[in-house]
Amino acid sequence: MARFLKAGESQNQKNLNCHTSLQQNIQKMKQLFSYGLNKDFSMRTLKLRFNQKEACLFYYGSIVDGAIINLNIIKPLLENNGDSVGNIVSIENIEEVTDFETANENINSGKAILFVDGDKTAFAMDVADFQHRAVSKSENESTIKGPQDAFTESMNTNISLIRKQLHNSQLINEGIQIGERSKNEVNLIYIKDLVNNDILENVRSRLKEISTDSVRNIEVLEQYLEERPYSLVPTILYTEKPDKATSYLEDGFIVLLMDSSSACLVVPVTFWSFFHNPEDRYLRFFYANFTRALRLLCFYLTLMISASFVAIANFHSEMIPPDLLLAITASRERVPFPLIFEVLIMEIAFELIREAGLRIPNPLGPTIGIVGALILGQAAVEANIISPIIVIVVALSGLSSFALADLNINFTVRLMRFLFIIAAGVYGMLALTGAFLLFFMYTASIKSFGIPFFSPMSPHFISSEDTVFRKPIKKEIFRPSFLRPKDLQKKAKS
């Protein structure tokens with residue numbers, strides 16, 4: 001109880017309005033930001049030339065550009081004449097602040113706050129300079145053709161990358177504050193004359209309903225926004241490619257960005273969105289559809305090949321040609337484990353190698369290759385732990401999973417694969433078919449921000465015909481109608 005009372009007192013102190021007395025404002029700011037203890041919290045007193053009043057500037061030295069403060073704020077205020085602070089300083093974004101809560105949020109966002117003696121209104125000036133890396137290539141969504149740049153951890157840089165590709169005055173960047181103790185801003189990016197207002201309001205309300213101390217980045221936000229947190233099936237698209245995000249914006253989707261995240265979220269999405277690659281738009285019609293067909297084949301192989309092998313070899317051996325059946329039986333003659341156990345050992349070994357390969361330091365990378373070759377290769381076969389046919393099946397399953405570029409759908413497939421193997425080991429193809437139908441029905445019941453997950457195929461909607469396969473780009477006339485965009489038809493009608 002004492003903790004809650006203390007937190008309540010602290011909140012009330014922050015909500016106080018600014019005073020007219022400069023000394024009272026200074027004391028309050030010192031108290032709020034632990035001046036003296038907080039080494040990077042800076043305070044600078046000034047005498048303004050234009051009205052001969054005392055003033056005080058507050059900011060965090062570690063997240064602002066000191067040169068801009070000196071040249072664009074302090075120097076003009078000390079030397080120039082004018083009728084107001086806003087006309088003297090040469091800062092683009094100046095916001096008037098009347099309470100300490102807003103002053104607190106602004107300083108934490110990298111702004112400088114100027115209090116003037118006798119004035120109840122302070123001035124927040126944007127001088128933020130958060131450190132971030134330069135724009136580089138995407139590590140997780142590689143493409144051969146098309147733009148190579150990827151999002152960085154800087155919000156302004158990310159918005160700039162989108163605006164560089166989409167020159168549209170209707171492109172809106174709307175900020176919503178979330179978090180109780182650490183106020184972080186989520187930026188909703190959408191095209192005002194395309195986006196459906198109901199979906200936009202749905203996203204806004206979900207963001208405003210988030211009640212927690214802090215949401216640091218987009219990866220954490222994704223988990224707060226999901227409708228079904230225990231579901232294996234993702235309903236939000238995560239991408240680090242600005243060109244991919246822009247193509248969704250052009251169709252009426254909504255993109256979410258946050259500082260300190262090198263990716264964005266796209267909502268709402270459908271099942272087919274997870275198989276689209278930005279390169280599909282840059283390749284010729286036949287080439288793009290060929291790669292999509294490969295991706296869908298890989299989805300099936302990763303999900304079903306191990307389970308199908310277990311079901312057929314254990315319960316329906318008459319489906320295998322006699323020569324192949326004899327070869328499989330001979331290769332398994334000295335293996336002491338049941339077939340399902342053998343497959344599970346290999347699948348888990350493959351997952352271990354994959355996980356270790358991601359976490360291992362770069363200089364030790366070749367070690368994983370050697371260990372992997374020992375586990376999945378000839379040594380394991382010669383030790384009679386596994387049979388050669390299982391190596392082929394699991395290697396094909398694992399290799400296919402790498403073709404699914406989206407991380408979330410990749411995890412879905414990898415986890416569902418184990419459930420299907422167990423189902424196939426229990427009662428063959430009958431159980432496997434039943435498990436697949438249950439998975440299919442569950443997936444069909446999912447909605448992403450009110451949009452059915454298998455749209456536009458089930459239920460049927462008019463679309464751009466860019467769903468499983470796509471048409472030549474000149475034939476794409478409509479936007480996805482399941483989004484109910486304000487403008488359904490694309491202007492590039494031929």
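What you see is a predicted model, and the numbers here were worked out from it, not measured in a lab. Computed over heavy atoms, backbone and side chain alike; hydrogens, waters and symmetry mates excluded.
- Counting heavy-atom neighbours within 6.0 Å of K183 NZ, excluding the residue itself, gives a total above 12.
- At distances below 3.5 Å, at least one donor-acceptor pair connects side-chain atoms of D126 with backbone N or O atoms of A128.
- Note on R295 versus D280: salt bridge recorded, some NZ/NE/NH1/NH2 to OD/OE distance being below 4.0 Å.
- Aromatic ring orientation, F482 versus F253: perpendicular (interplanar angle above 60°, classes split at 30° and 60°).
- Scanning all heavy atoms of the two residues, the minimum distance from G252 to V195 falls at O-CG2, 3.8 Å.
- In this structure a side-chain-to-backbone donor-acceptor pair under 3.5 Å is missing from S262 to A150.
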Steps toward salt bridge (Lys or Arg N to Asp or Glu O under 4.0 Å) verdict (E250, R281): CA-CA 13 Å; E250 286 175 331; R281 307 290 297 172; over 6 Å; no
Test log, rule salt bridge (Lys or Arg N to Asp or Glu O under 4.0 Å), inputs E153 and R133: CA-CA 7 Å; E153 287 76 11; R133 63 186 169 90; 3.1 Å; yes
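- At a threshold of 4.0 Å, the pair D149-K164 counts as salt-bridged, since one of the basic side-chain nitrogens sits closer than that to a carboxylate oxygen.
- Summarising the local packing, CZ of F402 is surrounded by more than 12 heavy atoms from other residues, nucleotides or ligands at distances under 6.0 Å.
- For the pair K111/F123, no side-chain contact is recorded, criterion being any heavy-atom separation below 4.5 Å from C-beta on.
- Residues K241 and P147 come closest through the heavy atom pair NZ-O, 2.7 Å.
- N202 places no side-chain N or O within donor-acceptor distance of the main-chain N or O of D198, the cut-off being under 3.5 Å.
- Seen from the ring of F411, R414 counts as a face-on cation partner, given the 6.0 Å and 45° thresholds.
- The ring of F299 has its center closer than 6.0 angstrom to the ring center of F275.
- Summarising the geometry of I409 relative to L404, their closest heavy-atom pair is CG2-CB, 4.4 Å, with the distance given to 0.1 Å.
- The closest side-chain heavy-atom distance from L48 to D117 is not below 4.5 Å.
- More than 12 heavy atoms of other residues, nucleotides or ligands shown are found within 6.0 angstrom of CD on Q52.
- Enclosure of atom CZ in R228 by more than 12 non-hydrogen atoms of other residues, nucleotides or ligands within 6.0 angstrom is indicated.
- Under a cut-off of 6.0 angstrom, the local environment of CE in M43 is crowded, with over 12 non-hydrogen atoms contributed by other residues, nucleotides or ligands.
- Annotation for I144: atom CD1 does not count as buried by contact number, only 12 or fewer foreign heavy atoms lying within 6.0 Å.
- Residues L265 and Y238 are in side-chain contact: their nearest non-hydrogen atoms beyond the backbone lie under 4.5 Å apart.
- With respect to R292 and D466, a salt bridge is recorded, a charged nitrogen being found less than 4.0 Å from a carboxylate O.
- For Y442, the OH atom is densely surrounded, since the number of other residues' heavy atoms within 6.0 Å is greater than 12.
- Y300 is linked by a side-chain hydrogen bond (donor to acceptor under 3.5 Å, both in side chains) to nothing, counting only residues two or more places apart in sequence or in another chain.
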Stepwise salt bridge (Lys or Arg N to Asp or Glu O under 4.0 Å) test for E141 and K244: CA-CA 10 Å; E141 295 176 86; K244 189 173 179 179; 3.4 Å; yes
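- Using a 4.0 Å cut-off between charged nitrogen and carboxylate oxygen, E201 and R204 count as a salt-bridge pair.
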Intermediate values then yes/no, side chain to side chain contact (heavy atoms under 4.5 Å, CB included), Q170 and L194: CA-CA 9 Å; Q170 294 294 312; L194 282 183; over 6 Å; no
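- Side-chain contact, E240 with S138: a donor N or O sits under 3.5 Å from an acceptor N or O.
- Salt bridge status for K447 with E227: absent, with no side-chain N to carboxylate O gap under 4.0 Å.
- Checked against ring-ring contact (aromatic ring centres under 6.0 Å, His included), F461 has no partners two or more places apart in sequence or in another chain.
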Steps toward side chain to side chain contact (heavy atoms under 4.5 Å, CB included) verdict (I73, L114): CA-CA 10 Å; I73 299 177; L114 180 73; 5.6 Å; no
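- The residues E347 and R417 are annotated as salt-bridged, a charged nitrogen and a carboxylate oxygen being separated by less than 4.0 angstrom.
- The heavy-atom pair separating S42 from G61 by the smallest distance is OG-N, 4.1 Å.
- Contact detail for P452 and G450: the closest heavy-atom pair is CD-O, 3.7 Å.
- Residue K486 places its NZ atom among more than 12 non-hydrogen atoms of other residues, nucleotides or ligands, all under 6.0 Å distant.
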